[in-house]
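Down below is the structure, laid out as structure tokens.
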Amino acid sequence: MNRRLALLALPLLLAVAGCTAGPADDPAPRRAAPERPSPFRDCATLNTPPTAASSGTGTAAPATPGSGTSTTRGGEALPELTLACFTGGAPVALRSVAGPAVINIWASWCPPCRKELPAFQRLSERAAGQLQVIGVNSRDSRGGAQSIGEDYGIRFPILVDQGEALQRALERNAIPLTLFVDAQGRIRHVDATGALDDTQLATLVRQHLGLAVAA
């Protein structure tokens, strides 16, 4: 009798064992977090001259010798490099950038860079139509650069240079680094004195690009 009951119960036990020992159901796939929109402007207009430059104004004044680690240049062209735009789209050839322009090389992990970035944003607003302000994010994470742009309200276009190609072409290894480029695309001045403020930027723009910008 006991043997008969055991034989009858065996299929039921096997069925229960099969349900518990089988592979667990795959969890529902997680949805990828939506990518945050970039705070920076795109780079589509970087080869379009500012309004004043296209109308023939804004001729650079004679450059005055720099101090500290700044360098006054004789007017060589920007390096022949092509960099990605932070917001995507077509890469940008530096020599196609229409001047006058102020190009700031920065990274989120660099304290002087973070300190001066708001002054460059204000310069881009005050000098709209006279010159372009462009950032070059160097050796940085995308998330770090994005967060700085959001936290500091940075809106001007940002190029990406993770390999420090621009710094190597300029034979510079420290940042922040700022280039003052005239309407003909020539580098008139390189500044590496540290964090620049509104007054210093206005002075450098006047001295090296011949443009009057409010401080």
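Every heavy atom of this structure was used, including side-chain atoms; hydrogens, water molecules and symmetry mates were not. Predicted model only: the values in this text are computed from it and were never measured.
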* Identify the two heavy atoms, one from Asp42 and one from Cys85, that lie closest to each other, and give their separation to 0.1 Å. =>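 Nearest pair, atom of Asp42 first, then Cys85: C-SG, 4.3 Å.
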* Go through the structure and list residues passing side-chain hydrogen bond (donor to acceptor under 3.5 Å, both in side chains) with Arg122, not counting sequence neighbours. =>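 Testing Arg122 for side-chain hydrogen bond (donor to acceptor under 3.5 Å, both in side chains), a comparison that skips the adjacent residues, returns Asp198.
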Inter-residue atom distance [X].[atom1] - [Y].[atom2], 0.5 Å rounding:
X      : Y      : atom1 : atom2 : value
Trp106 : Arg114 : CH2   : CZ    : 10.5 Å
His208 : Ile187 : NE2   : CD1   : 13.0 Å
Leu159 : Ile105 : CG    : CD1   : 10.0 Å
Ser124 : Gln130 : OG    : CD    : 12.5 Å
Arg155 : Gln121 : CZ    : CD    : 7.0 Å
Thr178 : Ile103 : OG1   : CD1   : 10.0 Å

* Any chance you could lay out the side-chain contact (heavy atoms from CB on, under 4.5 Å) test for Val136 and Leu179, step after step, and finish with the verdict? => CA-CA 11 Å; Val136 176; Leu179 315 182; over 6 Å; no
* To do: Could you please spell out the steps behind the side-chain contact (heavy atoms from CB on, under 4.5 Å) verdict for Trp109 and Arg139?
  => CA-CA 9 Å; Trp109 45 261; Arg139 200 158 52 88; 3.5 Å; yes
* **Asn104 and its side chain to side chain contact (heavy atoms under 4.5 Å, CB included) partner, picked from Asn137, Leu117, Val133** =>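 The single option meeting the side chain to side chain contact (heavy atoms under 4.5 Å, CB included) with Asn104 is Leu117.
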* Asked: Passes side-chain contact (heavy atoms from CB on, under 4.5 Å), Leu131 versus Val205? Steps please.
  -> CA-CA 9 Å; Leu131 59 80; Val205 166; 3.7 Å; yes
* Quick one: disulfide bond (SG atoms under 2.5 Å apart) pairs with a partner in residues 101-139, sequence neighbours left out? ->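 Only Cys110-Cys113 qualify under disulfide bond (SG atoms under 2.5 Å apart).
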* Would you list the pairs meeting ring pair (Phe, Tyr, Trp, His ring centres under 6.0 Å) in which at least one residue belongs to residues 120-148, sequence neighbours left out? =>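 Qualifying pairs, neighbours excluded: none.
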* Please assess Asp191 against Thr193 for the test side-chain hydrogen bond (donor to acceptor under 3.5 Å, both in side chains), listing each intermediate value before the final yes or no. => CA-CA 6 Å; Asp191 189 276; Thr193 56; 2.7 Å; yes
* Could you tell me whether the side chain of Phe86 reaches within less than 4.5 Å of the side chain of Gln146, counting heavy atoms only? =>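 Answer yes - side chains close enough.
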